[in-house]
Amino acid sequence: MKIHAAVARAPHMPFSLEMLDLEEPREGEILVRVVATGVCHTDIVMRDQHLPVPQPVVLGHEGAGIVERVGPGVAKVKPGDHVVMTFNSCGHCPSCNDHEETYCHEFFPRNFFGSRADGSSGLSCEGERVHGNIFGQSSFASHALCHERNIVKVPRDADLALLGPLACGIQTGAGAVMNALKVEPGKVLAVFGMGSVGLAAVMAARVVGASRIIAVDVNETRLALAAELGATDIVNGKAGDAVDAIMALTGAGVDYAIDASGVPAVIDQCVRVLAPRGTCGIVGASPHGATLTLDLTHILSGGRRVRGIVEGDSNPDVLIPLLIDLHRQGRFPFERLVTFYDFAEINRAVEDSERGIVLKPVVRQPAV
């Protein structure tokens, strides 16, 4: 079938809007008519080859849409179901067997290699191979092929255009609080970086009952939004040393810290503000090969912990419906992070994101 897609053909260049050929779903695959897709920083990183995804490629990994057809063996969804497409996993490695799919031993091949597990791609353009299957979906397109393992059925009365970011960025921030760190009521949390991931963490911390939620950034507008979404304290890193400011607020430090920046110097600040037995979770993506130097005495003497967190340690079939329900209750207003664009404006959406004009751009397909 013919589909409309945004193709990345060269680093740092705009997406090319093209008509492509998409194969019919194979065994275990699901054809989804895409309604909307969130634009994530990881898409930009892949386009620009900081993560060496093969090109030409259709990116997009925060897709939401409606099932049109299913391949043989699919039982999880049926045509007409409303779905969110999230990260992919193999289902048979030690991590998947332990229900820790975010640490799948095949996470990179299944999400970043631009092909199915057998090396094929369902996309082509006049005989030219176009790489697909990014995060098991490649949803910068009118239609996408996904898999049972990376599809989540959602209520039909939920706004599909809004739901795509729950697949990655919002899931990552909220899951870091709820699943990975398991922040308890009455605890103190500091979140460094008030992009969509960090703000999702702030909202989740309010949901779980953290007594103090400290938002750290250098952008006053984003800090003001963090205060509206649940932060009890804001710290502007430009106004002075963030570590000193947090220690002045808390005395002993924080129980939990989350870095959503990926900047090693900021991660060091996250660790330095930990109280004894505190834990720092790293969710921000750093450049490939980036290293971190930490005060080992500080970590050892206080029993402090530092850990990486992928996709919020989430079981998407559980967390995404939970976040939808919390949103309906008015307790997780992630719509405040979203700015909509028509799909034809995808390059402007990316540019606005890179310039920090918007937090979470979402590109919508034309109504059918």
- prompt: Where do V35 and Q365 land on the side chain to side chain contact (heavy atoms under 4.5 Å, CB included) test, with the steps shown first?
  reply: CA-CA 5 Å; V35 170; Q365 294 290 339; 5.9 Å; no

- request: Could you go through the side-chain hydrogen bond (donor to acceptor under 3.5 Å, both in side chains) check for H327 and E335 one step at a time?
  value: CA-CA 9 Å; H327 178 259; E335 80 283 352; 2.8 Å; yes

field: Residue pair H92, N97: steps toward the side-chain hydrogen bond (donor to acceptor under 3.5 Å, both in side chains) verdict
entry: CA-CA 6 Å; H92 53 70; N97 287 339; over 6 Å; no

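In this structure, K238 does not pair ionically with D217, as no charged nitrogen and carboxylate oxygen lie closer than 4.0 Å. Salt bridge absent: E101 and R110 never bring a charged side-chain N and a carboxylate O closer than 4.0 Å. With salt bridges taken as basic N to acidic carboxylate O contacts below 4.0 Å, one links E23 and R116. A salt bridge links R272 and D268; the closest N-O separation between the charged side-chain nitrogens and carboxylate oxygens is under 4.0 Å. Note on D159 versus R328: no salt bridge recorded, every NZ/NE/NH1/NH2 to OD/OE distance being 4.0 Å or above. Under a 4.0 Å N-O distance rule, the pair R149/D317 does not qualify as a salt bridge.
Classified by interplanar angle (parallel below 30°, tilted 30° to 60°, perpendicular above 60°), the ring pair F343/H4 is perpendicular.
Side-chain N or O atoms of D81 include one that pairs as donor or acceptor with a backbone N or O of K78 at under 3.5 Å. For E29 (side chain) and V70 (main-chain N/O), no donor-acceptor pair under 3.5 Å exists by modelled atom type.
Aromatic pair F108/F113: centroids not less than 6.0 angstrom apart.
Side-chain polar atoms of R212 and T232 form no donor-acceptor pair below 3.5 angstrom.
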